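Below: one structure, written as structure tokens.
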Amino acid sequence: MKLHELTIEEAHRRLKQKEISSFELTRAVLDRINAVEDSVDAFLTVSENTALEQARAADEKIARGHCESLAGIPLAVKDVICTRGVETTCASKILENFIPPYSATVIQKLQRRGAVILGKTNMDEFAMGSSTENSGFKNTRNPWDLARVPGGSSGGSAAAVAADMCLGALGSDTGGSIRQPASYCSTVGLKPTYGRVSRFGLVAFASSLDQIGPLSKNVTDCAVMLNAVAGYDPADSTSVPEDMHDYTAGLQKGLKGVRVGIPMEYSATEGMDPEVAAAVDNAVKVIEDMGAEKIEVSLPHTEYAVAAYYVIAPSEASSNLARYDGVKYGVREADQNELIQMYRRTRSRGFGPEVQRRIIIGTYCLSAGYYDAYYGKASQVRTLIMQDFRKAFETCDVVACPVAPTPAFKIGEKVDDPLTMYLSDIFTLSANLAGIPGMSVPCGFSKQGLPIGLQLLGKHFNEEMLLKVAYNFEQTTDFHKKKPGL
Amino acid sequence: MKITKEEVLYVARLARLDLDADSIDKFAGQIDEILGYIEKLNQVDTEGIKPTSHAISLTNAFRDDEPRQHLDRERVLANAPESEEGSFVVPKVVG
């Protein structure tokens with residue numbers, strides 16, 4: 001096996017045994033990036049020199065006997081997470097020249113553990129989108145079919161993991177932005193419970209929904225990465241002081257007695273691809289064969305999740321993105337010497353169309369006379385969606401369903417039809433509204449060879465259950481071992 | 001029709017956006033369609049249901065009121081489009 005193809009788990013074993021050095025490993029992954037980046041376009045910034053310096057430092061640490069699970073492991077980071085001294089653009093022209101003066105908590109945690117940061121991955125501008133086509137800089141292509149999108153908004157991270165351009169990556173998920181690209185690219189992806197991972201240094205899109213999480217080549221790596229980034233952070237006032245776990249500890253426990261809930265409403269979803277439905281059904285059978293019990297559950301308000309989400313997320317975004325005013329950071333349209341004109345020109349030239357659309361929708365939903373009808377109503381529906389899950393989890397331990405109704409679509413196919421694009425988020429949005437953890441695991445391929453993901457949803461702070469079910473499933477299947485033919 | 005072109009322009013002004021003629025035509029139709037879809041929420045009976053603004057409710061995350069290290073001024077101003085004498089420079093606000 002080539003070095004860049006290693007999982008975190010295997011690379012860690014070899015680093016610890018001194019069979020390889022982090023420098024060799026990092027060099028091999030950088031060579032891989034150089035070889036396939038022209039086809040995939042997963043990265044916005046590759047920090048080759050600092051990555052190699054970090055690798056050398058990791059090697060010194062390892063030589064002294066400190067080989068923590070991520071020491072010397074080359075990882076990629078979505079460009080929405082602040083990295084001190086390295087451009088962080090959110091794939092937006094308005095932040096084209098922004099170099100953060102500090103690092104996000106998750107980055108500090110990775111670096112303390114000796115991880116090597118390779119660079120920053122492409123995404124939909126400010127994480128708004130489901131295809132990475134809303135990047136202000138370039139399209140990322142799906143390694144399984146270069147004519148198709150990698151999903152989004154963490155499309156660069158998913159494509160980089162799938163194409164072995166890193167051993168694992170961080171993404172962020174506001175409405176499915178880790179899980180959907182993970183499913184489109186056949187990687188594992190986990191959105192932790194809201195509050196589980198610090199958002200300090202994550203550029204805000206919708207603060208009550210955003211959460212950072214890992215994308216990885218297998219479930220064990222996902223647990224290792226979650227171990228590294230999870231935990232209470234006093235710098236994030238929404239970080240939850242819950243006990244930390246070793247997420248790798250329970251993976252091998254069996255599935256006997258685990259109750260898997262199948263939402264009865266989901267099979268009737270419009271636009272559901274029969275191949276996706278069949279792959280998910282089959283995955284549930286595999287899980288049942290391992291001793292789990294299948295139970296029908298009802299999530300009646302899922303139908304309204306898209307509508308509620310596309311009020312709440314744009315409302316929060318319109319407020320969060322008010323900070324881009326051409327004064328404190330980013331780009332300013334300098335030809336204006338009147339303040340309001342300067343704001344307007346800067347923002348209109350700096351933000352792409354999807355971001356402007358959402359700012360307008362959000363501003364409208366929050367404006368005088370409309371607040372109760374839109375934001376107020378959506379927040380009440382959010383309560384009902386949460387209650388649905390609470391009720392479902394009285395009878396089941398984990399909910400299993402598709403991640404997205406179809407496999408990856410073609411680049412350009414939906415770009416002028418935002419509502420159709422929004423509707424494809426139907427299965428992922430409700431987890432963010434409810435704050436529960438959700439995960440995507442490779443569970444098959446379409447006849448055309450496009451990846452399909454199984455989504456697992458769990459109770460608040462029960463990532464262990466998702467990881468255990470996913471791990472057991474992975475042990476009896478080999479979808480995760482397949483590689484795209486780049 | 002949920003929203004007119006004039007309303008889109010008005011809201012864009014509130015949001016400090018400056019739409020050109022092409023964008024207004026395109027946006028007004030798309031936003032109207034999205035708001036039309038959002039009307040779906042009215043099918044749900046929410047009488048007496050409390051709104052949720054955060055899924056995990058925490059009240060008051062306090063910390064000790066002690067001075068801590070903070071970013072130094074130069075590093076913060078380094079990202080400003082224009083700065084002078086330790087301050088951000090903006091276009092003239094008052095006449």
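Quick caveat, the model's predicted, so the values are computed rather than measured. Reminder, nothing fancy here: chain letters follow the sequence lines and each chain counts from 1.
In the displayed structure, B:R73 atom CZ is contacted under 6.0 Å by at most 12 heavy atoms of other residues, nucleotides or ligands. In this structure, B:E74 places its CD atom where only 12 or fewer heavy-atom neighbours from other residues, nucleotides or ligands lie under 6.0 Å away. Residue B:Y10 qualifies as open at atom OH: its count of foreign heavy atoms under 6.0 Å is 12 or below. Heavy atoms from other residues, nucleotides or ligands lying under 6.0 Å from NZ of A:K328 number more than 12.
The contact between B:I3 and chain A is made entirely by side chain atoms (from C-beta outward), counting heavy-atom distances below 4.5 Å. Proximity to chain B (any heavy atom under 4.5 Å) is shown, for A:T383, by both the backbone and the side chain. Heavy atoms closer than 4.5 Å to chain B are found in the backbone of A:E338, but not in its side chain. Looking at B:D45, only its backbone comes within 4.5 Å of chain A, counting heavy atoms on both sides. Contacts between B:K40 and chain A at a heavy-atom distance below 4.5 Å involve backbone atoms as well as side-chain atoms. Residue A:D416 touches chain B through both its backbone and its side chain, counting heavy-atom pairs closer than 4.5 Å. Both the backbone and the side chain of B:E33 come within contact range of chain A, judged by heavy atoms closer than 4.5 Å. Using a 4.5 Å cut-off between heavy atoms, A:I436 does not touch chain B at all. Neither the backbone nor the side chain of A:T346 comes within contact range of chain B, judged by heavy atoms closer than 4.5 Å. Neither the backbone nor the side chain of B:R63 comes within contact range of chain A; no heavy atom of the residue lies under 4.5 Å from a heavy atom of that chain. Looking at B:D72, there are no atoms closer than 4.5 Å to chain A (heavy atoms on both sides), in backbone or side chain. With a threshold of 4.5 angstrom between heavy atoms, B:L71 approaches chain A through side-chain atoms but not through N, CA, C or O. Interface residue A:Y370: only side-chain heavy atoms are found under 4.5 Å from chain B. Proximity to chain A (any heavy atom under 4.5 Å) is restricted, for B:L58, to the side chain, taken from C-beta onward. Neither the backbone nor the side chain of A:R196 has a heavy atom closer than 4.5 Å to any heavy atom of chain B. When heavy atoms are compared at a cutoff of 4.5 Å, A:F461 approaches chain B solely by way of its side chain, counted from C-beta outward. Residue contact with chain A, scored on non-hydrogen atoms closer than 4.5 Å, is absent for B:S23. Using a 4.5 Å cut-off between heavy atoms, A:A308 touches chain B through backbone and side chain atoms alike.
Among A:L209, A:L384, A:I359, the residue with the largest count of heavy-atom pairs under 4.5 Å with chain B is A:L384. Among the candidates B:E82, B:H54, B:E39, B:E7, the residue making the largest number of heavy-atom pairs closer than 4.5 Å to chain A is B:H54. By number of non-hydrogen pairs under 4.5 angstrom with chain B, the leading residue of A:Y194, A:Y310, A:Y422 is A:Y194. For the options A:G376, A:G330, A:G362, heavy-atom pairs under 4.5 Å to chain B are most numerous at A:G330. Per-residue heavy-atom pair counts under 4.5 Å with chain A were compared for B:A78, B:A55, B:A12, and the maximum is reached by B:A55. Ranked by non-hydrogen atom pairs under 4.5 Å with chain A, the options B:L35, B:N60, B:V76, B:N42 are led by B:L35. Contact count against chain A (heavy-atom pairs under 4.5 Å) is highest for B:V11 among B:L19, B:V11, B:V8. Between chain B and the options A:Y364, A:Y343, A:Y375, heavy-atom pairs under 4.5 Å are most frequent for A:Y364. The most heavy-atom pairs under 4.5 Å with chain B, out of A:Y329, A:Y374, A:Y304, come from A:Y304.
The two residues B:I56 and A:G435 have their closest heavy-atom pair at CD1-O, 4.4 Å. Heavy atoms only, all atoms of each residue included: A:R332 and B:P81 are closest at CB-CB, 3.6 Å. Here the closest non-hydrogen pair linking B:L41 and A:K377 is O-CE, 3.1 Å.
Residue A:I99 holds its CD1 atom at 12.0 Å from CZ of B:R75, rounded to the nearest 0.5 Å. Note that CD1 of A:I360 is 13.0 Å distant from CZ of B:R13, once rounded to the nearest 0.5 Å. Taking CG of B:L17 as the reference point, atom OG1 of A:T363 lies at 7.5 Å (rounded to 0.5 Å). Here the CG atom belonging to B:D18 is positioned 5.0 Å from the CZ atom belonging to A:R345, to the nearest 0.5 angstrom. To the nearest 0.5 angstrom, B:E47 atom CD is 8.5 Å from A:Q380 atom CD.
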